[in-house]
Amino acid sequence: MTKLQPVRGTRDIFGEDIRRFSYVTDAFRRIAGTYGFDEIITPIFEFTDVFKRTLGDTSDVVTKEMYSFEDRSGEMLTLRPEYTAGIARAYMSNGLAQQGVVRLFGYGPMFRYERPQKGRYRQFHQLDAEIIGAAEPMADIELLALAWQLLNDLGIAGDIKLHLNSLGDPESRSAYRAALVDYFSVHEQKLSEDSRVRLHKNPMRILDSKDHGDRTLLADAPRISDYLTTGAKDFFARVCDGVTALGIPFVHDEKLVRGLDYYTHTAFEFITDALGAQGTVLAGGRYDGLMEMMGGTSTPGVGWAAGIERLAMLIAEPDKPRPAIAMIPLGERAEQHALSLVQELRAAGYSTGMDYKGNMKRRLNRAAKSAARFALILGDDELENNVATIRNLDSGTQEEVALDQILAYFSATLTSS
RNA sequence: GCGGGCGUAGCUCAACUGGUUAGAGCGCCUGGUUGUGGUCCAGGAGGUUGCGGGUUCAAGUCCCGUCGCUCGCCCCA
């Protein structure tokens with residue numbers, strides 16, 4: 001508590017940062033609405049079990065990155081490290097299965113104890129979209145379309161590539177996994193240290209190793225496409241067809257795997273090379289096995305999450321909002337009048353700032369810096385005549401307007417916003 | 001968790017090989033007489049040089065530790 005700095009990996013979001021942040025979340029809310037998604041806010045913490053059961057005991061997220069604690073009544077709780085498990089829990093808690101196919105979106109903070117870096121924080125924020133209750137590839141396609149439109153509307157789709165793969169159904173996956181273990185066990189000595197650990201913990205992760213030696217071995221490694229069942233193959237083909245039909249460019253990336261255990265079939269990542277090692281900007285996939293893992297009835301689902309900070313870094317700087325009016329009262333009498341006048345203007349929807357310090361010069365200066373469109377000057381001279389001076393700060397022209405005509409004046413010259 | 005780089009006013013940076021009261025620009029505040037801006041001039045506030053030790057006659061400048069940021073690995077959004 002002695003240090004006046006935020007906790008490692010956390011930060012205050014304000015100024016330009018919050019403008020970027022809000023630009024992203026506003027766009028998301030708008031687009032998700034047009035896709036018929038309903039918003040959901042789930043708690044920031046859950047019983048630890050919610051995450052432990054679903055993410056897999058071997059995942060790094062569970063084994064070393066969760067912020068878990070015991071509360072005063074002895075419950076083991078965890079700050080959510082990801083969104084999907086909480087939504088799945090909410091789906092079951094609230095009996096949403098009764099509503100048929102459910103489309104949900106939301107956004108908020110996540111927590112992971114990792115080594116911070118640019119684009120990677122301990123408290124970070126994600127957008128999230130899920131379709132629960134639909135086993136059809138159409139759901140996967142719709143979610144990819146939503147993601148693609150978001151990236152387009154944010155103006156960053158050009159720098160981002162969609163990598164698409166299929167992890168298959170459980171049969172495909174375990175057959176492939178066995179084949180991988182066979183292959184790499186023969187070459188275990190040649191594997192990097194990290195990958196030797198992966199071989200026993202999560203062999204599919206070897207696929208996206210960046211180690212040179214690993215990569216040469218990977219050239220002859222078994223490919224998942226050869227192990228997909230006909231059902232899984234067909235499912236993936238339909239997803240690819242749909243994405244192609246929508247005109248979304250993508251690459252079939254057989255080395256794409258997901259870190260979390262509950263994924264099946266479709267897996268995808270939208271990747272940019274503009275963010276260094278943290279290039280994945282939006283990622284997700286199908287998780288047909290999740291609900292059962294949590295102890296519910298088997299229910300199919302697809303979803304994705306996107307890093308708000310990462311998106312916010314990529315978009316163009318949003319415009320600063322311009323106040324409509326800067327009120328400048330001169331003297332005590334004027335201040336009294338100004339109070340109610342400002343209240344009226346604000347009630348009418350005009351963003352109005354009031355400056356009451358310093359001389360005229362300083363005040364106009366500040367008004368100009370605030371980027372206000374008009375300065376509304378009210379002094380003794382004006383009060384004598386029941387007028388106010390309205391100065392157009394862009395053009396420098398000004399005129400006197402009767403006090404009871406001010407609202408009318410602005411409604412004629414400004415669109416209320 | 002592992003390896004590398006960095007850390008001086010709100011911001012961007014300066015201070016020769018360690019040497020007197022750590023500087024500049026921007027920003028902020030005030031003034032240039034009585035009510036007019038985005039110029040100009042003058043003045044001012046703001047730094048225990050991230051923090052803590054050590055070496056030295058002397059450290060922002062060297063050494064160690066620590067905290068934070070950053071790059072790569074790892075992990076992932």
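In this model, the phosphate group of B:G31 is approached by a side-chain N or O of A:Asn359 to a distance below 4.0 Å at OP1 or OP2. The phosphate of B:G68 (OP1 or OP2) has a side-chain N or O of A:Arg8 nearer than 4.0 angstrom. Contact annotation: A:Lys210 side-chain N/O to B:G72 OP1/OP2 distance is not under 4.0 Å. Between A:Arg198 and B:C75, a side-chain N or O to OP1/OP2 separation shorter than 4.0 Å is present.
When distances run from any side-chain atom of A:Lys118 to the nucleotides B:C71, B:U36, B:G38, the shortest one goes to B:C71. Taking the side chain of A:Gln5 as heavy atoms from C-beta on, and the options B:A77, B:C67, B:G35, the nearest nucleotide is B:C67. Each of B:C69, B:C73, B:A77 was ranked by its minimum atom distance to the side chain of A:Asp194; first place goes to B:C73. Listed nucleotides: B:A77, B:G35, B:C75. Nearest to the side chain of A:Ala305: B:A77.
Spacing between B:G32 and B:A14 at atom C1', rounded to whole Å, works out to 32 Å. Rounded to whole Å, the P atom of B:U21 lies 36 Å from the corresponding atom of B:G4. When the C1' atom is compared between B:A59 and B:U8, the two are found 13 Å apart, to the nearest whole Å. Rounded to whole Å, the P atom of B:G37 lies 27 Å from the corresponding atom of B:A45. Spacing of P atoms, B:C16 relative to B:U61, comes out at 12 Å, to the nearest Å. B:U49 sits 10 Å from B:G7 when the C1' atoms are compared, rounded to a whole Å. Between B:G44 and B:G27, the distance separating the two C1' atoms is 14 Å to the nearest Å. With both ends at atom C1', the span from B:A9 to B:A24 equals 11 Å, rounded to whole Å.
Among the protein residues, A:Asn392 comes within range of the nucleic acid bases, having at least one heavy atom under 4.0 Å from a base atom. Residue A:Leu282 is in sugar-phosphate contact alone, with no base atom involved, counting any heavy-atom pair closer than 4.0 Å across all strands shown. Residue contacts for A:Gly15: at a heavy-atom cut-off of 4.0 Å it reaches no nucleic acid atom on any strand shown. Among the heavy atoms of the strands, none lies under 4.0 Å from A:Asp211. Nucleic acid contact class of A:Glu193 (heavy atoms, under 4.0 Å, all strands): none. Counting any heavy atom pair closer than 4.0 Å across all strands shown, A:Arg11 reaches no nucleic acid atom. Using a 4.0 Å heavy-atom distance criterion, A:Tyr121 is classed as a base contact. Counting non-hydrogen atoms under 4.0 angstrom, A:Gln278 reaches a base of the nucleic acid. A:Gly331 comes within contact range of no nucleotide atom at all, as no heavy-atom separation falls under 4.0 Å. Using a 4.0 Å heavy-atom distance criterion, A:Leu127 is classed as making no nucleic acid contact.
Residues A:Leu330 and A:Met360 are in side-chain contact: their nearest non-hydrogen atoms beyond the backbone lie under 4.5 Å apart. Here the side chains of A:Glu130 and A:Arg103 are not in contact, with every heavy-atom distance at 4.5 Å or above. Residues A:Ser68 and A:Met76 meet the side-chain proximity criterion, which asks for heavy atoms closer than 4.5 Å. Looking only at side-chain heavy atoms (C-beta outward), A:Ile131 and A:Val101 come within less than 4.5 Å of each other.
Separating the CD1 atom of A:Ile377 from the C1' atom of B:G37 is a distance of 9 Å, rounded to the nearest angstrom. In this structure, A:Tyr113 atom OH and B:C74 atom C1' are separated by 15 Å, rounded to whole Å. Remark: P of B:G72 and CG of A:Asp208 are 16 Å apart, rounded to the nearest angstrom. Remark: C1' of B:G68 and CG of A:Asp12 are 14 Å apart, rounded to the nearest angstrom. One atom, CZ of A:Arg115, and another, C1' of B:C2, lie 8 Å apart when rounded to the nearest Å. One interatomic measurement links the two molecules: CD of A:Gln117 to P of B:C74, which rounds to 11 Å at whole-angstrom precision. Look at CE on A:Met204: it is 14 Å from P on B:C75, rounded to the nearest Å. Between the C1' atom of B:C75 and the CE atom of A:Met110 lies a distance of 17 Å, rounded to the nearest Å.
Note on residues 160-194 of chain A: pairs passing ring-ring contact (aromatic ring centres under 6.0 Å, His included), not counting sequence neighbours, are A:Tyr176-A:Tyr227, A:Tyr183-A:His187.
Judged as a salt bridge (charged side-chain N to carboxylate O under 4.0 Å, His left out), and not counting sequence neighbours, the contacts of A:Arg11 are A:Asp17. With sequence neighbours left out, A:Asp169 forms a salt bridge (charged side-chain N to carboxylate O under 4.0 Å, His left out) with no residue at all.
Nearest heavy-atom pair, A:Thr280 versus A:Arg310, reported as atom, atom and distance to 0.1 Å: O-NH1, 2.7 Å.
For the pair A:Arg89 and A:Glu46, the salt-bridge criterion is met [side-chain N within less than 4.0 Å of a carboxylate O].
Proximity of a side-chain donor or acceptor of A:Thr10 to a complementary backbone N or O of A:Arg8 within less than 3.5 Å is not detected.
Residue-to-nucleotide proximity on RNA chain B shows that, of A:Gly396 and A:Ala283, the 5′-proximal contact is made by A:Gly396. For A:Glu82 and A:Gln398, each mapped to the nucleotide of RNA chain B holding its nearest heavy atom, the one lying further toward the 5' end belongs to A:Gln398.
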Can you pull every protein N or O that's under 3.5 Å from an N or O on nucleotides 41-47 of chain B?
none

Tabulate protein N/O versus nucleotide N/O from nucleotides 25-28 of chain B, keeping only pairs under 3.5 Å, one per line.
unit_1: B:C28; atom_1: OP1; unit_2: A:Lys369; atom_2: NZ; d: 3.3
unit_1: B:C28; atom_1: OP2; unit_2: A:Lys369; atom_2: NZ; d: 3.3

For nucleotides 7-13 of chain B, which of its nitrogen or oxygen atoms have a protein nitrogen or oxygen under 3.5 Å away, and what is each distance?
none

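Geometric assessment of A:Arg80 against the ring of A:Phe51 yields a negative cation-pi assignment under the 6.0 Å and 45° thresholds.
Not a single donor-acceptor contact under 3.5 angstrom links the side-chain atoms of A:Arg363 to the base of B:G37.
Ring geometry, A:His252 versus A:Phe236: the interplanar angle falls from 30° to 60°, so the pair is classed tilted.
Here B:G10 sits opposite B:C26 as a Watson-Crick or G-U wobble pair (both hydrogen-bonding atom distances under 3.5 Å).
Aromatic ring centres of A:Phe374 and A:Phe410 lie closer together than 6.0 Å. Residues A:Phe105 and A:Phe28 place their aromatic rings such that the two centres sit under 6.0 Å apart. Taking the six-membered ring for Trp, A:His265 and A:Tyr287 have ring centres at least 6.0 Å apart.
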